[in-house]
Number of protein chains: 2
Amino acid sequence: MPRIVDVARRAGVSTATVSRALNGKPVRPELLAAVTAAAAELGYTPDRTARSLRRRSSDVVALVLPDVENPFFTAVARGVEDVAQAHGVSVVLCNTDDDAAKEARYLAVAQDENMAGVVIAAASGRPALAPLLARDRAVVAVDRAVADDVDLVTFDNVALGRAATQGLLARGFRRIACVTGPAATSTAVERAQGWRDALADAGLPAPDDLLVRSDFRVAGAHDAAVALLDREPRPDAVVATNNLGGVGVLRALAERGVPVAASARAADGVPAGAAAEGAGSGDVAGCGVAIVGDLPFATSSTDGVLFVPLDPRDLGAAAARMLMERIRGLDVPARRVVQRVAALA
Amino acid sequence: MPRIVDVARRAGVSTATVSRALNGKPVRPELLAAVTAAAAELGYTPDRTARSLRRRSSDVVALVLPDVENPFFTAVARGVEDVAQAHGVSVVLCNTDDDAAKEARYLAVAQDENMAGVVIAAASGRPALAPLLARDRAVVAVDRAVADDVDLVTFDNVALGRAATQGLLARGFRRIACVTGPAATSTAVERAQGWRDALADAGLPAPDDLLVRSDFRVAGAHDAAVALLDREPRPDAVVATNNLGGVGVLRALAERGVPVAASARAADGVPAGAAAEGAGSGDVAGCGVAIVGDLPFATSSTDGVLFVPLDPRDLGAAAARMLMERIRGLDVPARRVVQRVAALA
DNA sequence: TTGTATGCGTTATCAC
DNA sequence: GTGATAACGCATACAA
């Protein structure tokens, strides 16, 4: 492997000049030409390890995610990667499994590797960012809020939960349950708050037993939905506050033979009316479903489901752009960006 | 940040002894105790950049994947990550989009970063591994074969394609189409060969116009399936050789209002019989579907679909284990491991 | 502008 | 077994 001295010799200059030439520092045009020619002929590429040691910072950023198997986060990753690559920086993907210990370990690695920055969708609400911040590393929180005062780019989660719920209300549903994620996850909490707000706006109760905190995964949401279906009276619709939650809910409905209802039947507006006198208000009718997010791998049966679509790739791209700014030295107070959301689908 | 000299001073030894103590080299027990104590008190962690520079190899491995948004590959990533983490090595995820140029770029980065090794599911059949191999870096190909003579862990793809097809044959289907991936991808080619073999074994023709090479993605497979549904006579079943292909096929069927058929009707065994005299042999009947792989995010409507399940996580774990062996210095000829496959589902 | 010389933090080599 | 010291490959302070 050619090293910088080889290029220097071949170009007839010093290593310092090679370094400067290759890093865009002022160099006489003819020498620059000689250097780039020599580098090209030798197929020289700088050793990034040595460069990192010297610069005390590498061209790598960490992307810390709670679940790489969730299409939402892989889309975030794509967004981050797109802009990072455009800036010549590599992305290390770190999967925390929503586990604070794993997360802490990865953040330590990011520090020991002298990575330039971190984009994090935090497992815990209080990730161990202090050492990184002390070292003046760039940090951007994405999707989920964190305790530290760092750049943050999220959706308007309350609005998302509200939109999903209002959509169901508009379709005539009244007894609307909510399947959300962990209490430690801001998105889960805020979207559930949106559900609560929408019901309150409509003058409806939002009883605690219609709110189930699960884990934002398929199996958990599935179990939560099954439990909801056993409630008496059964809810006539369910809001899933994330994509995998939606999958779990749809599976539960399918298992129980409850079809997805695009809208409530006319009589449902009457609380204790005719519908309740049979085996319960929803025993034979379908169940409304609203999902915050998308199901990119759904196999077709989502007719009647109300989606509040998100663009996680765009979210990731926005976060990465903010990170690049910080890496380039931008020194302003922490920014909070709320990503625009498309209309209901 | 504490450095190795700080630990040395505090423990009253030289930096060399600290290094040895922390790396498990022989050191007098009392000194070892002093060093570990000092390191703990200071919260010292070695700078991995400096270590990499000196050792000429880092504790990071690259995982080069064609599509991080494909659940199959994220599962592979999980498997790789699990064993890598157990060995104290971090995993850099690189997404090539099945693009040879992007792939080459990432491989160059792996080299410049002095990464310890690479696990690759190659975009092209001939990835640019030569520089890495010349530098004596560990390389393991996973899922997809490559031209270079490196360790390889795959499924028995011909058997997979054959199993999917035989399953459909056993259910009575006869005119079975195949939607597979790019001609440059070994899995796509081999599974299609399995389809061909199974038909030949059954004494049936495998006409070229029933084999569609797509891109292993949803949209591509969808379009391919739509085209197949327009054939006259229409195929009575389709084999999708990967998971996303399966999604695309199922969506196409749903769009066209063609139900998934768990088995062919009795008369289908007769080539030019009664079924053909109407609007075509399959115009009203359903269509059989077999999928190599799984649909972790299917929302329920996969009744009747024949799955040939895979365990990509296990595949990734196996590849990572081989990589770890190589990194630890194992020096044997390239190995070819064919991963066991579960029975039909 | 350019070259020389030093340092980044660690591990490996050499004497002891 | 231990300590002093020289690398690893690059970027920069300083001198020219």
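In what follows, every chain begins at residue 1, and chains take the letters A, B, ... in the order their sequences are listed. Values in this document were obtained by computation on a predicted structure and should not be read as measured data. Side chains are part of it too, since the values below use all heavy atoms of this structure and drop only hydrogens, waters and symmetry mates.
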Send over the distance from Ile4(B) CD1 to dT2(D) P, rounded to a whole Å. 15 Å

With a 3.5 Å distance limit and no angle check, can you tell me whether Asp6(B) reaches the backbone of Arg3(B) through a side-chain donor-acceptor pair? yes

Would Asn114(A) and Ser52(A) count as a side chain to side chain donor-acceptor pair (under 3.5 Å) if you check the C-alpha gap in whole Å, the side-chain angles of each, and the deciding distance to 0.1 Å? CA-CA 7 Å; Asn114(A) 278 320; Ser52(A) 300; over 6 Å; no

If you check the Pro46(B) side chain, which of dG1(D), dT10(C), dA11(D) turns out closest? dT10(C)

Can you identify which nucleotide, out of dG9(C), dT10(C), dT12(D), has its nearest atom closest to the Tyr44(B) side chain? dT10(C)

Using a cut-off of less than 4.0 Å, is there contact between a side-chain N or O of Lys25(B) and OP1 or OP2 of dT11(C)? no

side-chain N/O Arg28(A) vs dT1(C) OP1/OP2, d < 4.0 Å: no

Categorize Val5(A) for me: base, sugar-phosphate, or nothing, with a 4.0 angstrom heavy-atom threshold over every strand shown. nothing

Would you mind telling me which of dC10(D), dT10(C), dG3(C) lies closest to the side-chain atoms of Ser14(A)? dG3(C)

Neighbour count above 12 (heavy atom, 6.0 Å) for Arg126(A) CZ: no

What's Thr17(A) touching, base or sugar-phosphate or nothing? Going by heavy atoms closer than 4.0 Å. sugar-phosphate

Just to confirm, is there a sub-4.0 Å distance from OP1 or OP2 of dT11(C) to any side-chain nitrogen or oxygen of Arg51(B)? yes

Under 3.5 Å donor-acceptor pair, Arg54(B) side-chain atoms to dT11(C) base atoms: yes

Any N/O donor-acceptor pair, Arg20(B) side-chain to dG3(D) base, under 3.5 Å: yes

Of dG9(D), dG3(D), dT11(C), the nucleotide closest to the side chain of Ala16(B) is dG3(D)

